[in-house]
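Remember, it's a predicted structure, so these values are computed and weren't measured experimentally.
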Amino acid sequence: MRTRTLFTCSAVLGLLIAPAAGAAFNVNITYADSAGEGFNDATLGAPRRAALEHAVAVWTSQLDGAIDLELKATFDPLGGDASSAVLGQAGSTASVRDDPALPLAGTWYPVPLASQLIGVSIPSSSGPNAGFHMAAVFNSDVDGPVVLGSTTFYYGTDGNPPGGTVDFVSVALHEFGHAFGFFDMIDPVTGGFFNGFPDAYAVNLRRTGAVNKNFTDMTNTERLAALTSGEVYWKGSSIMGAGISSPAPFVNAQGEVEIFAPGTYQAGSSISHWESGHTPDLLMEPVLTSVFSGIDVTGAALNDMGWNLQASEGEGEGEGEGEGEGEGEGEGEGECLVYASTDVPRLIDYIVFPVTESTLVVPGPLVVSDLNVKLNITYPFDVDLTVNLRSPIGTEITLFTGVGGGGSNFTDTVLDDQAATHLSAGVAPFTGCFRPQSNLSAFTGVNAAGTWRLRIQTSDFFETGSLTGWELHFGCQCPLSSEGEGEGEGEGEGEGEGEGETCPWTGPCPDFDAEGAAVYGLLSLDWNTTDLDLTGIIDSWEVALFSEVLCKRSGPLRNAAACAFLHNLETLRAEPGYALAAPYENVAAALLAVSTELQQTIVASLSLTGTYRVAGGAAKAWGEPLAPQGDPDVDSLTNAQEYLNTVSASLDRADYVIAALNPLLDGSVGASALPLLGGLGLCGLLACVTALGTAGLARRRGARDAE
């Protein structure tokens, strides 16, 4: 006879899901607000529902199951003040143990997962959430004039929240991770398991260091000490196989991923999140510093708990946007699809980027059947490089490491499991088709739609190089032929990569501060206070923003900065008086590239005769983004406004640079920082906005610099 124990969280607000195209199960949402308010508000109700259902669809497109789930969702006034507020609370409504169909005996499973494993719907059986597997409540006060000041929720689904808003989809995605099971049920006072039984989350935890024990092997006293040890890691095989490339100690030598366990226990945050500081940011970190559109490696962690991940079915049509190099997409009968990264060139430099990462977005739906990768990398010693490829659902493989001996460069190199020559047997510069060191067939059958990531590490502290381009080829033969009868015209539809100017400057980054202080000193000016162009921003702060873009970032803005900088250097060197300017050529080239106003001032001051470039064009918004009236993070706040906010908040130049390049920050203390906290009681989980101030910004800056 089948027996099982059901535990209902009586004071909990569980969260989650709506029907999603292609999902194996539906989440039926009951909007439980009264008429005219919350999710039924006459103005905000529709965008709120659309954003919630979008976040839900992201999750259900990744998790597999056969049992439909029920979600109760409301928007209620949860209060708060000008700098702090609860954004929402979410969680599963109950947990189950000791059913024969569950993988582990004597282990609590949240009912969304337990229902899939047992094959029977098991919602909460009592209390206000009876009949529901999950419940969620979000704070309607955030959209009012008092709570968080002028900050409101952004209900768009494009991942581009304007300044002064909180991205609702990102918050919902995070909270839904908790509702599907990413939380522990450990008593923070005694260290004991709930009712003496571990949960499916905690069985994946291990303390490293001198103790070196699994949580399930500890005494209550040992487990209590582990909660604040800073030595807790997720040991599940799926997450270890995901190949997260965050630097130590966030991922240890065994591939285990660090869990948030600070020295002082933080209720609702400790243990139920990844440690802060992963590269890139992970969805389930306790502080929100990025906008998220997917579930990243959280899916792998839930897989360790018992969830199955699914590959959404698709017909693989694809539009071939931005193939751009005339290589005949659509060979044969249109089966060959080519997608090129627009996130290039990228600097390869251990000092600046211990891990260089470039992204490539594949539109969906598309199921991987045969995948090849094309690379163009300029680097003096290929043997120093390790290159990994990571799929949108977190599967990651090493394409190669330590190949090429003393040779250099990868030029139109195509990695193909069916190639005749293994990369380790090839000779640099690598050109043509080679088998990778790890099989690309690891991605076969997965959903290709979403953001792919190419990660490059170098073991050499001194050499630098550049990733100048990379592509994903689906269903293509190697090499690609420009002939064919498919849909590709070979001219590059869409964005037309390969057209226009590319300036792969590879550093090292100049010491702009030292040169600036020296040359301004010769002119009896103070580098740290002078505003030559009288635009309201100190010159050194403007150059610091330019330096961050040039030396530590990527994409179209980085390329524009590199093109302007290199052109200005070349033009300076042709000036009649170059000999006097030579020691300060880098900072002069940067000053000339920042904005039209600053360029005009420098040209007049130094009597320059050449024609110089600004990073961008004539427009102040995006075309000339580094100017005081520019807006590089596209958050509707100009650089000048974010500068004034930074100064008013007594923050420093580095904080200004962070704010100017991060759409979630406006340079002020308060709702600029968006920490996410999970865990109320045993099952309820929350997200909270608080003021981090200067120290918080400094912590984020340290994490960013470590990238």
Asks: Is the backbone N or O of Trp470 less than 3.5 Å from a side-chain atom of Ser341, with the two atoms forming a donor-acceptor pair by type?
Replies: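 No.
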Asks: Provide the closest heavy-atom pair for Leu545 versus Ala660 in the form atom of the first, atom of the second, distance.
Replies: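 Taking every non-hydrogen atom into account, CD1-CB, 3.9 Å.
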Asks: Specify the closest pair of heavy atoms between Thr356 and Ile348, including all atoms of both residues, with the distance to one decimal.
Replies: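 That closest heavy-atom pairing would be OG1-CA, 3.6 Å.
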Asks: Would Tyr656 and Asn639 satisfy side chain to side chain contact (heavy atoms under 4.5 Å, CB included), going step by step from the backbone distance to the final call?
Replies: CA-CA 9 Å; Tyr656 160 69; Asn639 294 328; 3.4 Å; yes
Asks: For the atom pair CG (Asp384) and CD (Gln457), what is the distance rounded to the nearest 0.5 Å?
Replies: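 Asp384 atom CG to Gln457 atom CD measures 12.0 Å (nearest 0.5 Å).
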Asks: Does the plane of the ring in Trp527 sit parallel, tilted or perpendicular to the ring in Tyr520? Use 30° and 60° as the thresholds.
Replies: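 It falls in the perpendicular class, over 60°.
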Asks: Which label fits Phe546 and Phe565: parallel for a plane angle under 30°, tilted from 30 to 60°, or perpendicular past 60°?
Replies: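 Ring orientation, 0 to 90° scale: tilted.
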Asks: Considering the options Thr359, Leu389, Val361, which one meets the side chain to side chain contact (heavy atoms under 4.5 Å, CB included) requirement together with Trp452?
Replies: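 Testing Trp452 for a side chain to side chain contact (heavy atoms under 4.5 Å, CB included) against Thr359, Leu389, Val361 leaves exactly one candidate, Leu389.
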Asks: With side chains defined as the heavy atoms from C-beta onward, is the minimum distance between Met284 and His174 less than 4.5 Å?
Replies: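 Yes, side chains in contact.
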Asks: Do side-chain atoms of Thr646 reach the backbone of Glu642 as a donor and acceptor pair under 3.5 angstrom?
Replies: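 Present.
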Asks: For Leu534, is there any backbone N or O sitting under 3.5 Å from a side-chain donor or acceptor partner on Glu597?
Replies: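 It does not hold such a pair.
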Asks: Quick one: do Asp533 and Asp539 satisfy side chain to side chain contact (heavy atoms under 4.5 Å, CB included)? Show the steps, please.
Replies: CA-CA 8 Å; Asp533 55 348; Asp539 298 347; 3.7 Å; yes
Asks: Got a donor-acceptor contact below 3.5 angstrom from the Asp143 side chain to the Ser140 backbone?
Replies: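 Pair absent, no side-chain N/O of Asp143 close to backbone of Ser140.
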Asks: Within the distance-only criterion (no hydrogens, no angle test), does the side chain of Glu624 pair as donor or acceptor with the backbone N or O of Thr596 below 3.5 angstrom?
Replies: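 Yes, because the side chain of Glu624 sits within donor-acceptor range (under 3.5 Å) of the backbone of Thr596.
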Asks: Ignoring hydrogens, what is the shortest heavy-atom contact between Arg455 and Glu396? Give both atom names and the distance.
Replies: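 Reported closest heavy-atom pair: NH1-OE1, 3.3 Å.
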Asks: After noting the C-alpha distance and the side-chain angles of Leu173 and Trp59, does the key distance pass the side chain to side chain contact (heavy atoms under 4.5 Å, CB included) rule?
Replies: CA-CA 8 Å; Leu173 286 172; Trp59 273 101; 3.7 Å; yes
Asks: Does either side chain, that of Tyr379 or that of Thr458, offer a donor lying less than 3.5 Å from an acceptor on the other one?
Replies: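 Result is yes, a qualifying pair exists.
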Asks: Using only atom types and a distance under 3.5 Å, with no angle test, would you say the side chain of Glu515 pairs donor to acceptor with the backbone of Val587?
Replies: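 Between the backbone of Val587 and the side chain of Glu515 there is a qualifying donor-acceptor contact (under 3.5 Å).
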Asks: Are the side chain of Asp167 and the backbone of Pro161 linked by a donor-acceptor contact shorter than 3.5 Å?
Replies: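 No, because the side chain of Asp167 does not come within donor-acceptor range (under 3.5 Å) of the backbone of Pro161.
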Asks: Relative to each other, are the rings of Phe182 and His178 parallel, tilted or perpendicular (30° and 60° limits)?
Replies: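 Plane angle between 30° and 60°, so tilted.
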Asks: Apply ring-ring contact (aromatic ring centres under 6.0 Å, His included) to Phe168 and Phe138, showing your working.
Replies: CA-CA 10 Å; Phe168 181 82; Phe138 297 95; 4.8 Å; yes
Asks: Any donor-acceptor pair under 3.5 Å linking the side chain of Thr208 with the backbone of Glu231?
Replies: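 Between the backbone of Glu231 and the side chain of Thr208 there is a qualifying donor-acceptor contact (under 3.5 Å).
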Asks: Can you name the nearest heavy-atom pair linking Ala590 to Val543, along with the distance?
Replies: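 Minimum heavy-atom separation between Ala590 and Val543: CB-CG1, 4.2 Å.
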Asks: Please give me the minimum heavy-atom distance between Ala615 and Ala561, naming the atom from each residue.
Replies: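 Smallest heavy-atom distance, with atoms named: CB-CA, 3.8 Å.
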Asks: Looking only at atom types and distance, does a side-chain atom of His273 sit under 3.5 Å from a main-chain N or O of Ser269, one as donor and one as acceptor?
Replies: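 Present.
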Asks: Are the side chain of Glu585 and the backbone N or O of Leu569 linked by a donor-acceptor pair below 3.5 Å?
Replies: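 No; zero donor-acceptor contacts below 3.5 Å.
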Asks: Any chance you could lay out the side chain to side chain contact (heavy atoms under 4.5 Å, CB included) test for Phe75 and Leu52, step after step, and finish with the verdict?
Replies: CA-CA 11 Å; Phe75 248 99; Leu52 182 72; over 6 Å; no
